[in-house]
Trainee: 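Please find one structure pasted underneath; my questions will follow.
Below, chain A is the first sequence line, B the second, and so on; all start at residue 1.
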Protein chains: 2
Amino acid sequence: MAQKNRLKYILLGLLKKQRQTGYDLAKSFDSDIGEFWTANHSQIYPLLKRMEADHLIAHEAITVGQKLQKKQYYMTSAGQQTFNAWLKSPSDLTGSHDEFILKLFFIDDPKSELLRPMITMQQQYHDEKLHHLEQQFQEKFPNQKRIDQDFGHSLVLRHAIDRERGYSNWLAEMVKTIKTE
Amino acid sequence: MAQKNRLKYILLGLLKKQRQTGYDLAKSFDSDIGEFWTANHSQIYPLLKRMEADHLIAHEAITVGQKLQKKQYYMTSAGQQTFNAWLKSPSDLTGSHDEFILKLFFIDDPKSELLRPMITMQQQYHDEKLHHLEQQFQEKFPNQKRIDQDFGHSLVLRHAIDRERGYSNWLAEMVKTIKTE
DNA sequence: AGTAATCATGTAATTAATTACATGTTTTTG
DNA sequence: CAAAAACATGTAATTAATTACATGATTACT
């Protein structure tokens, strides 16, 4: 790929909240931000180096225990600026790649016997996903105070929930459509 | 990137409908399939060669006019099998990358003055997109007959429209939320 | 005290995808 | 008929991202 390197901005955004190590940053993709973006440590470590060379971030070496060396990264003011500029820039919307939709596109026969099992599988996935997201929201935002503290995150989660509901409804509608056909 | 090479299956799916050239295939991404996937000719031509080497497709050379050489690609039975196996396989859902959502995630202050212009921009984009998609649907599927002929495509378009409506509603809700805050 | 899990950081090989470079033919339009 | 637009096919350079390889330290558990 030769994408837009959005990971750079994610790392900046995460470092803005608190200084942390590459390991910590990588972990974020297992939890909160992982809900809608992926990255692994082998991509993160080299990128952090590059970003430091570009003076967007810097690090402080910390020794833990006897020998273990940690690198606490933090944002520079140049990084701040770059990040803010990104927030204000127009967003690229061409990245939505839903493989199921893609498959569906190629089913030209409404009576195809492939359709029903495909939809069932998808329903299962999205139901689970919806349930998971709702749980996440309750866990992370049980009250208004928490929402105000991490507003963007709450909006994104809410959006994800909305999206899953829409998806589920659409799948259910589809089942009805092919049932009568 | 090292993605799942879904383009391979797209090309197979398109060739299944009719034999065509790499140029024709590339053009598909400017119209119908371009609604939700991107690819350019410099990616397509080499991939077609590789797929032919793998015996998923084959081509027939056609001379147009005096000199122009076209390559009409078509699916082999092995290609058919590969394509069908893909349709039946579980779909990878990790590819949804909405940059706006990503930005939103990092706005932790509900009173941030960045929020409103960001949303306005996004609303404009999605309203246009919605309008475009609705037009597309009317153009391509004016009656039930057309829908039955290209069922999957109609479902996908309908889904895209649904999604845009959901997105617009969510954005509108968000505006209300930040207005009162 | 031993061991498993987690913390912590990197590199190498491969593949996917974008942008730019490069060339020539045929058809349409003024 | 000349020019522009569209047809047609490729390669090169670069960047992004995944998977696998590689190593070692610290903490938690039994």
Side-chain angles (χ1 to χ4, degrees), chain A residues 1-11 14 19-31 33-34 36-54 57 59-73 92-97 99 102, chain B residues 1-11 14 19-31 33-34 36-54 57 59-73 92-97 99 102:
Chain A
M1 248 241 243
Q3 230 169 212
K4 312 291 148 53
N5 199 2
R6 297 184 191 92
L7 183 57
K8 178 164 87 179
Y9 303 107
I10 297 177
L11 297 182
L14 291 171
R19 53 167 55 199
Q20 51 191 313
T21 65
Y23 187 84
D24 294 328
L25 290 164
K27 257 197 312 180
S28 296
F29 293 88
D30 298 334
S31 54
I33 206 168
F36 58 94
W37 215 274
T38 54
N40 36 46
H41 80 272
S42 54
Q43 197 187 353
I44 289 169
Y45 287 118
L47 181 55
L48 285 172
K49 284 201 170 175
R50 233 176 65 207
M51 286 167 70
E52 188 163 38
D54 295 341
I57 57 174
H59 82 268
E60 181 191 354
I62 291 176
T63 309
V64 178
Q66 300 302 301
K67 307 179 183 176
L68 189 57
Q69 286 280 306
K70 277 194 193 188
K71 289 183 182 175
Q72 286 274 351
Y73 282 98
D92 181 26
L93 278 299
T94 58
S96 264
H97 281 183
E99 194 174 25
L102 191 56
Chain B
M1 247 241 242
Q3 232 170 209
K4 313 289 149 52
N5 199 2
R6 297 184 191 93
L7 183 57
K8 178 164 88 177
Y9 302 106
I10 298 176
L11 297 182
L14 291 171
R19 52 168 56 199
Q20 51 191 312
T21 66
Y23 187 84
D24 295 328
L25 290 164
K27 257 197 314 180
S28 297
F29 293 89
D30 298 333
S31 54
I33 205 167
F36 57 95
W37 214 274
T38 53
N40 36 43
H41 79 272
S42 54
Q43 197 186 353
I44 291 169
Y45 285 119
L47 182 53
L48 284 171
K49 283 201 171 176
R50 232 175 68 207
M51 286 167 71
E52 188 164 38
D54 294 342
I57 57 174
H59 81 270
E60 182 190 352
I62 291 177
T63 309
V64 178
Q66 301 300 301
K67 307 180 184 175
L68 189 57
Q69 286 281 306
K70 279 193 191 187
K71 289 183 182 175
Q72 284 276 350
Y73 283 98
D92 181 27
L93 278 299
T94 58
S96 264
H97 281 185
E99 194 175 25
L102 192 55

Trainee: Is any side-chain heavy atom of B:Leu11 less than 4.5 Å from a side-chain heavy atom of B:Ile57?
Mentor: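 Sidechains of B:Ile57 and B:Leu11: no contact.
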Trainee: Within the 4.5 Å heavy-atom criterion, are B:Asn40 and B:Phe29 side-chain neighbours or not?
Mentor: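 They are not in side-chain contact.
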Trainee: For the pair made of CG in A:Asn40 and P in C:dA8, what is the distance, rounded to whole Å?
Mentor: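 About 18 Å, once rounded to whole Å.
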Trainee: Using whole Å, what does the distance between atom C1' of nucleotide C:dT9 and atom CD of A:Glu60 come to?
Mentor: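 Rounding to the nearest Å, CD of A:Glu60 and C1' of C:dT9 are 18 Å apart.
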Trainee: For C:dA8 and A:Gln69 - does any side-chain N or O of the residue sit under 4.0 Å from the phosphate oxygens OP1/OP2?
Mentor: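 Answer is no, no contact under 4.0 Å.
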Trainee: Would you tabulate the side-chain donor-acceptor contacts of residues 62-73 of chain A under 3.5 Å, counting partners in other chains and residues two or more places apart, or write 'none'?
Mentor:
{"unit_1": "A:Thr63", "atom_1": "OG1", "unit_2": "A:Gln69", "atom_2": "NE2", "d": "2.7"}

Trainee: What integer distance in Å separates B:Leu25:CG from D:dC7:P?
Mentor: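 About 14 Å, once rounded to whole Å.
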Trainee: Considering only nitrogen or oxygen atoms on both sides, find all protein atoms under 3.5 Å from nucleotides 4-6 of chain C and state each distance.
Mentor:
none

Trainee: Distance check needed: C:dC7 P versus A:Gln20 CD, whole Å only.
Mentor: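 Taking atom P of C:dC7 as the reference, CD of A:Gln20 is at 13 Å.
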Trainee: From C:dG10, D:dT9, D:dT11, pick the nucleotide closest to the side chain of B:Lys70?
Mentor: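 Ranking C:dG10, D:dT9, D:dT11 by closest atom to the B:Lys70 side chain puts D:dT9 first.
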Trainee: Mind calculating the distance between CG (B:Leu47) and P (D:dG10) to the nearest angstrom?
Mentor: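 Result: 13 Å.
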Trainee: Between C:dA8 atom P and A:Gln43 atom CD, what is the distance in whole Å?
Mentor: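 In whole Å, C:dA8 P and A:Gln43 CD are 20 Å from each other.
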Trainee: Let me see the working for A:Leu47 and A:Asn5 under side chain to side chain contact (heavy atoms under 4.5 Å, CB included), right down to the final yes or no.
Mentor: CA-CA 10 Å; A:Leu47 181 55; A:Asn5 199 2; 4.0 Å; yes
Trainee: Do A:Thr21 and A:Tyr45 have side chains that get closer than 4.5 Å, going by heavy atoms?
Mentor: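 No, their side chains stay 4.5 Å or more apart.
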Trainee: Do nucleotides 20-29 of chain D as a string where each nucleotide becomes B, S or -: B if the base has a protein heavy atom under 4.0 Å, S if just the sugar-phosphate does, - if no protein is that close.
Mentor: B----SS---
Trainee: Within this structure, what is the CG-NZ distance for the pair B:Leu48 and B:Lys8, rounded to the nearest 0.5 Å?
Mentor: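 Rounded to the nearest 0.5 Å, the CG-NZ separation comes out at 12.5 Å.
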Trainee: If the cut-off is 4.0 Å, is A:Tyr45 near the phosphate of C:dT9, judged by side-chain N/O to OP1 or OP2?
Mentor: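 So the side chain of A:Tyr45 is within the cut-off, an N or O lying under 4.0 Å from OP1 or OP2 of C:dT9.
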Trainee: What distance do A:Arg19 atom CZ and A:Glu60 atom CD have between them, rounded to the nearest 0.5 Å?
Mentor: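 CD of A:Glu60 is found 5.0 Å from CZ of A:Arg19.
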Trainee: Taking only N and O in the side chain of B:Lys71, is any of them less than 4.0 Å away from OP1 or OP2 of D:dG10?
Mentor: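 Answer is yes, contact under 4.0 Å.
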Trainee: Assign B:Lys8 to base, sugar-phosphate, or nothing according to its heavy-atom contacts below 4.0 angstrom with the strands shown.
Mentor: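 Here B:Lys8 touches no strand at all.
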Trainee: Would you say B:Gln20's side chain and B:Leu14's backbone share a donor-acceptor pair under 3.5 angstrom?
Mentor: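 At least one qualifying donor-acceptor pair exists.
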Trainee: Could you tell me how far apart A:Leu48 (CG) and C:dT11 (C1') are, to the nearest whole angstrom?
Mentor: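 After rounding, the reported distance stands at 15 Å.
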Trainee: Figure out the CG/C1' separation between A:Asn5 and C:dT18, and round it to whole Å.
Mentor: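 Going from CG in A:Asn5 over to C1' in C:dT18 covers 13 Å.
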Trainee: May I ask you to evaluate whether A:Thr21 reaches the phosphate of C:dT9, defined as a side-chain N or O under 4.0 Å from OP1 or OP2?
Mentor: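 Answer is yes, contact under 4.0 Å.
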Trainee: Measure the shortest side-chain to side-chain distance between B:Lys27 and B:Ile33 over non-hydrogen atoms and say whether it is less than 4.5 angstrom.
Mentor: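 When only atoms from C-beta onward are counted, B:Ile33 and B:Lys27 do not touch, as no gap falls below 4.5 Å.
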